[in-house]
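Worksheet for the structure shown next.
The residues of the chain are indexed from 1 along the displayed sequence.
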Amino acid sequence: MSEAKVSGSGRSRRPGSMDVARLAGVSQKTVSRVLNGEPYVKEEVRLRVQAAMRELGYRRNDAARALNSGRTKRIGVVCLGTALFGPSTQLVAIEQTLRTTGYSVSIVNTLEGDTVADVVEHLLEQGVDGIILSEPIDEGDDVPIDVDIPVLSFGRFPGLSAKPSLDTGGDNIGAGRTATEHLLGLGHHTVWHVAGPQRWWAARDRLAGWRQALADAGAPEPPVLEGDWLPASGYAAGRELAANHDVTAVFVANDDMAIGVLRALSEAGRPVPGDVSVVGFDDIPTAAFLTPPLTTVPQDFDVHVARGIANLVTEIESPTGDHSLLPEPPPLRLVVRHSTAAPTTAR
């Protein structure tokens, strides 16, 4: 029997166990139970799953069989495949931390046309004991991800159904509040915001934190300028801000865009912090060496990742069945340098 090809992610691919689950109207765990001949599966359900397998031409490979016969000591990582500071630094931290656990790592990047569900299916077919999701982008319609191995997610995945699901996405809302409250506390009337692309959950959360801080302080909410995380988009936003002399304080959603904002303000003769205060996000290695050195919110990737992976490995080796394990996040910090000060009128 020839194997069917499944489309829906921009190109044809081999049918997987999650495709079988969707067609049969069951969970991926139920498909695994049928494949393994486990008891306590209703005969009607077993027949429905087997019919779906035949219809799709589903074949499970040897690596997937190994997964069901014992642990593989391998963890799969789904990542965005980008050179941006945040995702790339997090991936390095994941690789370094996994080396200390005795687990090997399979890293799969989502390419154009892939969904996270496609890539998870690929990892399941390889055979992994757990999965780490670091994909932070909203894919639009929630694509169901239903697996029966532990999953650690560094971000928001509305379609995820795993037992357990360990969410350690960080407090981007709190970080956005912290940055904004710092500027308001210096006496600025309001704070403008250069947001990251709103397909990214982290960008949405930082924007939400900015809004909350303004609302709590009774400060007016200026229009949001949206960039793409890169310095050029920060520069374009900075030119708009520089032309508006009501602007005295700006929270920028990452340091790379903040570099562009600083350049635009300098070219327009708006000194920082004498005329405009700027706060970034990430604390990239160059932030302390800019002119002026940038006030920013660091991301403690090493601590964040270590806590999450420790919980993931524990759940793989000694399952608790707890579906809502939440590693304690590192405390929020603000590194205050020389890009922020009280507004000139308040001095």
| query | Hey, are the side chains of T295 and V278 touching, using non-hydrogen atoms and a 4.5 Å cut-off? | reply | no
| query | Do L334 and V279 come within less than 4.5 Å of each other through their side chains, counting heavy atoms only? | reply | yes
| query | Under the side-chain contact (heavy atoms from CB on, under 4.5 Å) test, which residues partner P271, sequence neighbours left out? | reply | D275
| Would W192 and V194 count as a side-chain contact (heavy atoms from CB on, under 4.5 Å) if you check the C-alpha gap in whole Å, the side-chain angles of each, and the deciding distance to 0.1 Å? | CA-CA 7 Å; W192 293 66; V194 180; over 6 Å; no
| Hey, quick one: are F251 and V336 part of the same hydrophobic cluster, counting side-chain heavy atoms closer than 4.5 Å, chains of contacts allowed? | yes
| said: I'd like to check K73 versus S104 (side-chain heavy atoms, cut-off strictly below 4.5 Å). Are they in contact? | reply: no
| note | All heavy atoms of S17 vs all of Y58, minimum pair found to be N-CE1, 3.4 Å
| Considering residues at least two apart in sequence or located in another chain, which fulfil the side chain to side chain donor-acceptor pair (under 3.5 Å) criterion with N244? | none
| query | Does a side-chain heavy-atom distance below 4.5 Å link D19 with R22? | reply | yes
| request: Output, in order, the C-alpha distance, side-chain angles, deciding distance and verdict of side-chain contact (heavy atoms from CB on, under 4.5 Å) for Q90 and I94. | output: CA-CA 6 Å; Q90 180 172 270; I94 289 170; 4.1 Å; yes
| Non-hydrogen atoms of V276 and V247 that approach each other most closely | CG2-O, 3.6 Å
| query | Can you check side-chain contact (heavy atoms from CB on, under 4.5 Å) on S134 and L91, steps first, answer last? | reply | CA-CA 8 Å; S134 62; L91 179 59; 5.7 Å; no
| query | Of the non-hydrogen atoms in H189 and P220, which two are nearest, and what is the gap between them? | reply | NE2-CG, 3.5 Å
| message | Taking salt bridge (Lys or Arg N to Asp or Glu O under 4.0 Å) as the definition, give me every residue that meets it alongside R333, ordered by chain and number, with sequence neighbours left out. | response | D300
| request: Identify the heavy atoms of V335 and P298 that sit nearest to each other, and give their distance. | output: CG2-CG, 3.5 Å
| said: Within this structure, what is the CZ-CG distance for the pair R263 and L290, rounded to the nearest 0.5 Å? | reply: 12.5 Å
| field | Of all pairs that satisfy salt bridge (charged side-chain N to carboxylate O under 4.0 Å, His left out), the ones with a partner from residues 83-104, not counting sequence neighbours | value | none
| Pairs touching residues 215-225 that satisfy side-chain hydrogen bond (donor to acceptor under 3.5 Å, both in side chains), sequence neighbours left out | R177-D216, R211-E221
| field | For Q198, all residues meeting side-chain contact (heavy atoms from CB on, under 4.5 Å), sequence neighbours excluded | value | A195, A203, R204, L207, E226
| query | How many angstroms lie between atom CG of L186 and atom CD of E181, to the nearest 0.5 angstrom? | reply | 12.0 Å
| If two hydrophobic side chains count as joined below 4.5 Å and joins carry through other members, does I173 share a cluster with V191? | no
| remark: Which of W201, W200, F281 passes side chain to side chain contact (heavy atoms under 4.5 Å, CB included) with R206? It is F281
| Hey, what do you get for CD (E125) to NE2 (H122), rounding to the nearest 0.5 Å? | 9.5 Å
| query | Rounded to the nearest 0.5 Å, what separation is found between the CG atom of L23 and the CZ atom of R54? | reply | 11.5 Å
| Which heavy atom in S339 sits nearest to a heavy atom in V272, and how many Å separate them? | O-CG1, 3.5 Å
| Within-4.5 Å side-chain heavy-atom neighbours: L123 and S106 | yes
| query | Partners of E44 by side chain to side chain donor-acceptor pair (under 3.5 Å), sequence neighbours excluded? | reply | R48
| request: Just grab all the side-chain hydrogen bond (donor to acceptor under 3.5 Å, both in side chains) pairs involving residues 282-292, residues at least two apart or on different chains. | output: D282-Q299, D283-R337
| query | Tell me, do T89 and I284 make a side-chain contact under 4.5 Å, heavy atoms counted? | reply | no
| task | For W210, check ring-ring contact (aromatic ring centres under 6.0 Å, His included) against everything at least two apart and list the hits. | result | H193
| Cluster link I137 to M257, ILVMFWY, side chain under 4.5 Å | yes
| query | Quick one: does V92's side chain get under 4.5 Å of F301's, heavy atoms only? | reply | no
| request: Could you tell me the separation between the CD1 atom of I75 and the CG atom of L312, rounded to the nearest 0.5 Å? | output: 4.5 Å
| Minimal non-hydrogen separation, A258 against V252, with atom names | N-CG1, 3.5 Å
| request: With sequence neighbours left out, write down each residue that passes side chain to side chain donor-acceptor pair (under 3.5 Å) with D255, or none if nothing qualifies. | output: T296
| field | Distance, nearest 0.5 Å, that separates CG of D256 from CG of L84 | value | 7.5 Å
| message | Using the rule given for side-chain contact (heavy atoms from CB on, under 4.5 Å), can you reason through Y103 versus I309, listing the C-alpha separation, both sets of side-chain angles and the distance that settles it, and then say yes or no? | response | CA-CA 11 Å; Y103 282 78; I309 289 178; over 6 Å; no
| Taking only residues two or more places apart in sequence or in another chain, which ones pass side chain to side chain donor-acceptor pair (under 3.5 Å) with T180? | none
| So do the side chains of L133 and V120 get within less than 4.5 Å of each other, counting heavy atoms only? | yes
Sequence neighbours excluded and cut-off under 3.5 Å, please list the side-chain donor-acceptor pairs for residues 228-242, or say none.
residue, atom, partner, partner atom, Å
D228, OD1, L230, N, 3.0
D228, OD1, S233, OG, 2.8
S233, OG, D228, N, 3.0
S233, OG, L230, O, 2.8
Y235, OH, E267, OE1, 2.5

